[in-house]
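Notes for the one structure printed next.
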Amino acid sequence: MDAPTQPRRRDVVVTDRNLALELVRVTEAAAVAASRWIGLGKKNEADGAAVEAMRKAFDTIEIDGLVVIGEGEMDEAPMLYIGEKVGKGGPAMDIAVDPLEGTTLTAKGGPNALATIALAERGNFLHAPDIYMEKIAVGGGLPEGVVDLDAPVASNLKNLAKAKKCDVSDLVACILDRDRHKDLVAKVREAGARIMLISDGDVAGVIATTMPDSLVDIYLGSGGAPEGVLSAAALRCVGGQMQGKLLYESPDQIERVRQMGHADPNRVFTCEEMAKGDVMFAATGVTSGAMLRGVKRFGAGAVTHSVVMRSKSGTVRYVEAHHNFEQKTWAPT
């Protein structure tokens, strides 16, 4: 008589839980490495340090990872390029990374710089080119379809205020401070809502819609398409809503998107279409902001503050870690 087969599901759940916490170690490594460059005015050096540390940390993770959102094409980035394999072997996973979201923020010592990563089973992340994406996002606990990317700004604000049982004047919209958003800013103010302009970091801006303490109700405007996928992954974990549409500056970009498998270049992608399946998201603060505290360095170590989320369980965990550089394989110089 054969021995009874042990339930596989329990093994998978335990592995998944361990993997979610392993992701935090990857973002911690990137954040600590980048923190060495806070306020020094050297954004490229900060970004390079984060990329190198994150890539090295991936070697300890038991996954067969494929970078689908990364630092650019293979000929543009030495590490964490699109198509690069990472991990030491295991389940096949798609990886979306931004080792330092907010390079300029870090260089200037500004708030809300993050090291971020998202993970899903192979084939579940939108392959987004490094072009602009128009975005609209709100947090969880709202009626489905409360906002629509193709609807007028005033209508979206009115519907959101109704869903939140408040006046439009109570709403705060987060928008990147860019010349291209002048008309958008004017329309939001004309509708009666308030605005929080941010200099960089639209992943943090989108995630802020999910956090009551951030005072942000809605994210509007265009930013990087890769950052849009990372933002969608985070929102999937907390029941938020997001829509995105790729924006083009040349016919070559349209053709490239078609070659990537998107038949309709003007399609509006939902949060679920950008990040499908069981999604995990992790971020570690590099500089302090509304969501996370930044890295606090001391003689032989540092303290980090991170968040890890998972869509399957809806769990959000905050992790404060105390690092001893003498015992870290990724200890920064």
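Being a predicted model, the structure only gives us computed values, none of them experimental.
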- prompt: Donor-acceptor pair, Asp170 side chain versus Asp167 backbone, under 3.5 Å?
  reply: yes
message: Are Ser199 and Leu105 packed together at the side-chain level, in the sense that at least one heavy-atom pair is separated by less than 4.5 angstrom?
response: yes
message: Could you check whether atom CG of Asp183 has more than 12 heavy atoms from other residues, nucleotides or ligands sitting under 6.0 Å from it?
response: no
message: Please check this pair: side chain of His181 against backbone of Gly221, looking for a donor-acceptor N/O pair closer than 3.5 Å.
response: no
- prompt: Do Arg297 and Val32 touch side chain to side chain, with heavy atoms closer than 4.5 Å?
  reply: yes
field: Reported CZ-to-NZ distance for the pair Arg236 and Lys312, which is rounded to 0.5 angstrom
entry: 12.5 Å
query: Does Gly145 offer a backbone N or O that forms a donor-acceptor pair with the side chain of Gln241 under 3.5 Å?
result: yes
message: Using the rule given for side-chain contact (heavy atoms from CB on, under 4.5 Å), can you reason through Val68 versus Ile82, listing the C-alpha separation, both sets of side-chain angles and the distance that settles it, and then say yes or no?
response: CA-CA 5 Å; Val68 297; Ile82 297 170; 5.5 Å; no
field: ring-ring contact (aromatic ring centres under 6.0 Å, His included) partners for Phe269, two or more places apart
entry: His262
statement: Closest non-hydrogen atoms of Ile198 and Arg178, given as atom of the first, atom of the second and distance, are O-NH1, 4.4 Å
- prompt: Can you check whether Glu71 reaches Tyr81 side chain to side chain, under 4.5 Å on heavy atoms?
  reply: no
query: Do the non-hydrogen side-chain atoms of Ile131 and Leu247 ever get within less than 4.5 Å of each other?
result: no
field: Shared hydrophobic cluster, Leu230 / Met54 (ILVMFWY, side-chain heavy atoms < 4.5 Å)
entry: no
task: Could you tell me whether a side-chain N or O of Glu273 sits under 3.5 Å from a main-chain N or O of Thr270, the two making a donor and an acceptor?
output: yes
field: Approximate separation, where rounding is to 0.5 Å, of Thr103 OG1 and Asp200 CG
entry: 6.5 Å
message: Within the 4.5 Å heavy-atom criterion, are Asp47 and Lys43 side-chain neighbours or not?
response: no
task: Take Ile69 and Asp98, measure what side-chain contact (heavy atoms from CB on, under 4.5 Å) needs, and give me the verdict at the end.
output: CA-CA 8 Å; Ile69 298 292; Asp98 194 341; over 6 Å; no
task: With rounding to the nearest 0.5 Å, note down the distance linking CG in Leu220 to CG in Asn156.
output: 7.5 Å
message: Give me the atom names and distance for the closest heavy-atom approach of Gln243 to Leu149.
response: OE1-N, 2.8 Å
message: Starting from Leu235, can I reach Val172 by hopping between I/L/V/M/F/W/Y residues whose side chains sit under 4.5 Å apart?
response: yes
Smallest separation among heavy atoms of Gly205 and Cys174, with atom names: CA-SG, 4.0 Å
Separation between OG1 of Thr209 and CG of Leu142, rounded to the nearest 0.5 Å: 9.0 Å
task: Taking the side chain as every heavy atom from C-beta outward, state whether Phe281 and Val308 have any pair of such atoms under 4.5 Å apart.
output: no
- prompt: Considering the options Val138, Val206, Val203, which one meets the side chain to side chain contact (heavy atoms under 4.5 Å, CB included) requirement together with Tyr219?
  reply: Val206
field: Step-by-step side-chain contact (heavy atoms from CB on, under 4.5 Å) determination, Leu157 to Val188
entry: CA-CA 8 Å; Leu157 293 172; Val188 171; 4.2 Å; yes
message: Go through it in stages, so that I can follow the logic: the residues are Glu22 and Arg25, the test is salt bridge (Lys or Arg N to Asp or Glu O under 4.0 Å), and I'd like the CA-CA distance, side-chain angles, deciding distance and then a yes or no.
response: CA-CA 5 Å; Glu22 289 294 327; Arg25 294 185 174 91; 2.9 Å; yes
statement: On a heavy-atom basis, the closest approach of Ala107 and Lys42 is CB-N, 3.8 Å
task: Could you go through the salt bridge (Lys or Arg N to Asp or Glu O under 4.0 Å) check for Glu320 and Arg293 one step at a time?
output: CA-CA 9 Å; Glu320 179 180 286; Arg293 299 189 299 276; 2.6 Å; yes
- prompt: When rounded to the nearest 0.5 angstrom, what is the spacing between NE2 in His305 and NZ in Lys296?
  reply: 13.5 Å
task: Group every Ile, Leu, Val, Met, Phe, Trp and Tyr by side-chain heavy-atom contacts under 4.5 Å, then state whether Tyr318 and Met309 land in the same group.
output: yes
field: Reference residue Asp64; test side chain to side chain contact (heavy atoms under 4.5 Å, CB included); the match among Met93, Lys88, Lys85
entry: Lys85
Connected via hydrophobic side-chain network under 4.5 Å: Val268 and Tyr248: no
Lys164, NZ: over 12 other non-hydrogen atoms inside 6.0 angstrom: yes
- prompt: Would you find more than 12 non-hydrogen atoms of other residues, nucleotides or ligands less than 6.0 Å from Glu52 atom CD?
  reply: no
field: Atom pair CZ (Arg189) and CZ (Arg194), whose distance is rounded to the nearest 0.5 Å
entry: 12.5 Å
- request: Might you point out which heavy atoms bring Ser222 and Leu176 nearest each other, and give the distance in Å?
  value: O-CD1, 3.7 Å
task: Would you indicate whether the side-chain heavy atoms of Leu66 and Arg122 approach each other to under 4.5 Å?
output: yes
message: Salt bridge or not between Glu84 and Arg55? Use side-chain N to carboxylate O under 4.0 Å.
response: yes
message: Filter on ring-ring contact (aromatic ring centres under 6.0 Å, His included), then keep only pairs touching residues 122-156, sequence neighbours left out; what's left?
response: none
task: May I ask whether Leu160 and Ile175 are part of the same hydrophobic cluster, defined by side-chain heavy atoms of I, L, V, M, F, W, Y residues being less than 4.5 angstrom apart, directly or through others?
output: yes
- prompt: Any sub-3.5 Å donor-acceptor pair from Ser155's side-chain atoms to Ala151's backbone N or O?
  reply: no
- prompt: Under 3.5 Å, is there a donor-acceptor pair between the side chain of Asp94 and the main chain of Ala120?
  reply: no
Give the table of side-chain donor-acceptor pairs shorter than 3.5 Å for residues 283-290, with sequence neighbours excluded, one pair per line with atom names and distance.
{"from": "Thr284", "atom 1": "OG1", "to": "Thr27", "atom 2": "OG1", "distance (Å)": "2.7"}
{"from": "Thr284", "atom 1": "OG1", "to": "Glu28", "atom 2": "N", "distance (Å)": "3.4"}
{"from": "Thr284", "atom 1": "OG1", "to": "Ser306", "atom 2": "OG", "distance (Å)": "2.6"}
{"from": "Thr287", "atom 1": "OG1", "to": "Gly110", "atom 2": "O", "distance (Å)": "2.6"}
{"from": "Thr287", "atom 1": "OG1", "to": "Asn112", "atom 2": "N", "distance (Å)": "3.3"}
{"from": "Thr287", "atom 1": "OG1", "to": "Ala113", "atom 2": "N", "distance (Å)": "3.0"}
{"from": "Ser288", "atom 1": "OG", "to": "Gly294", "atom 2": "N", "distance (Å)": "2.8"}

Minimum side-chain heavy-atom gap Cys237-Val316 below 4.5 Å: no
task: Could you give me the CA-CA distance, side-chain angles and deciding distance for Met211 and Met291, then say whether side-chain contact (heavy atoms from CB on, under 4.5 Å) is met?
output: CA-CA 8 Å; Met211 306 181 68; Met291 180 169 65; 3.4 Å; yes
message: I'd like to know if the side chain of Gln253 reaches the main chain of Glu249, judged simply by a donor and an acceptor atom lying under 3.5 Å from each other, with no hydrogens or angles considered.
response: yes
query: Crowded around Glu255 CD? As in, over 12 foreign heavy atoms under 6.0 Å?
result: yes
query: What closest approach, in Å, do Lys135 and Gly223 show between heavy atoms, and which atom pair accounts for it?
result: NZ-C, 3.7 Å
